[in-house]
Amino acid sequence: MDSKRLFGKMCFLHRQLSRENIKLYAEAGVTPVQMHTLAFLDGSSKSGRRVCQKDIEKTINLRPSSVSTLLSKLEKDGFIIRTTAEGDARTKWLELTDKGKEVCIKDKLIIDGCDRIVDTALSEEEQNEFSRLIDKIINNIRDAEIRSIQR
């Protein structure tokens, strides 16, 4: 199989499944990276973990200055609040506002819908194999990035 055709199919699949998310991002006024941040905060709060800026830096893999700008925008737009950690004025805990939680609920509904599309198209065995193959591609990309950094 021609790898360019396979890549094109992956791009098509991504575009098709991302359409509803893209609409949500536009309606909510968030970027994909901002949504990723909100989803991380949502998941962390549901598991009882508190999150600070350094956690976002590690998860999103952005420079501290970029995360600071991202968080300032999310706070200004009413998606998060920052509170100072007791005993450490430099640490700011991040929490979703009701507006942030609402966007996360809508995002999860869209993702659940995309999962249902995959679930109905592939058997459980095919899903497991597809997942394994995607992981293999992701790991190859990461390995290539590491090799390029080491040069």
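For the single chain, residues carry numbers from 1 onward in sequence order. The analysis underlying the following values was restricted to heavy atoms, covering all of them including side chains, and did not include hydrogens, waters or symmetry mates.
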Would you check, one step at a time, whether the test salt bridge (charged side-chain N to carboxylate O under 4.0 Å, His left out) holds for Lys99 with Glu102? CA-CA 5 Å; Lys99 181 179 178 180; Glu102 183 180 315; over 6 Å; no
Run His14 and Cys11 through side chain to side chain contact (heavy atoms under 4.5 Å, CB included) and show every step you take. CA-CA 5 Å; His14 177 262; Cys11 291; 5.7 Å; no
Derivation of the side chain to side chain contact (heavy atoms under 4.5 Å, CB included) call for Leu70 and Gln34: CA-CA 7 Å; Leu70 177 137; Gln34 289 171 330; 4.2 Å; yes
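Here the closest heavy-atom approach between residue Val67 and residue Gln53 is recorded as CG1-CG, 3.5 Å. For the pair Thr120 and Ile117, the tightest heavy-atom approach, listed with the atom from each and the gap, is OG1-O, 3.0 Å. Between Leu17 and Asn21, the shortest heavy-atom distance links the atoms O-OD1, 4.2 Å. Between Glu126 and Ala121 the shortest heavy-atom distance is OE1-O, 4.2 Å.
By the neighbour-count criterion of 12 heavy atoms within 6.0 Å, atom CG of Asp112 is densely surrounded, having more than that number from other residues, nucleotides or ligands. Around the CG atom of Asn61, the shell of radius 6.0 Å holds no more than 12 heavy atoms that belong to other residues, nucleotides or ligands.
Looking only at side-chain heavy atoms (C-beta outward), Thr83 and Lys92 stay at 4.5 Å or farther from each other. You'll find the side chain of Glu124 stays beyond 4.5 Å of the side chain of Asp119, heavy atoms only. Residues Leu38 and Asp107 form no side-chain contact, since every pair of their non-hydrogen atoms from C-beta on lies 4.5 Å or further apart. Counting heavy atoms from C-beta outward, Trp93 and Thr84 have side chains that stay 4.5 Å or more apart. Side chains of Cys104 and Lys101 form no contact here, defined as non-hydrogen atoms less than 4.5 Å apart. Side-chain contact between Ile56 and Val51 is present, with heavy atoms from C-beta onward closer than 4.5 Å. Contact check for Val30 versus Thr37: no side-chain heavy atoms found under the 4.5 Å cut-off.
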Enumerate, atom names and distances included, each donor-acceptor pair closer than 3.5 Å involving a side-chain atom of residues 130-137, sequence neighbours excluded.
residue : atom : partner : partner atom : Å
Arg132  : NE   : Glu129  : OE1          : 3.2
Arg132  : NH2  : Glu129  : OE2          : 2.7

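Atoms NZ and SG, from Lys54 and Cys52 in turn, are 7.5 Å apart once rounded to the nearest 0.5 Å. Rounding to the nearest 0.5 angstrom, the gap separating the CZ atom in Phe79 from the OG1 atom in Thr97 is 7.5 Å. Asp42 CG to Ile105 CD1: the interatomic distance, rounded to the nearest 0.5 Å, is 7.5 Å. Atom CG of residue Leu41 and atom NE2 of residue His36 lie 10.5 Å apart, to the nearest 0.5 angstrom. The structure places CD1 of Ile81 at 4.5 Å from CD of Glu95, a figure rounded to the nearest 0.5 Å.
The same ILVMFWY cluster, assembled from side-chain heavy atoms under 4.5 Å apart, contains both Met10 and Ile141. A continuous path of hydrophobic side-chain contacts links Leu96 to Ile60 [ILVMFWY only; heavy atoms under 4.5 Å]. Both Met35 and Val33 sit in one connected hydrophobic cluster of ILVMFWY residues. Membership requires side-chain heavy atoms under 4.5 Å apart, directly or through other members. Hydrophobic clustering (side-chain heavy atoms under 4.5 Å, transitive across Ile, Leu, Val, Met, Phe, Trp, Tyr) groups Leu71 together with Phe40.
When only modelled atom types and interatomic distance are considered, Ser72 and Arg82 share a side-chain donor-acceptor pair under 3.5 Å.
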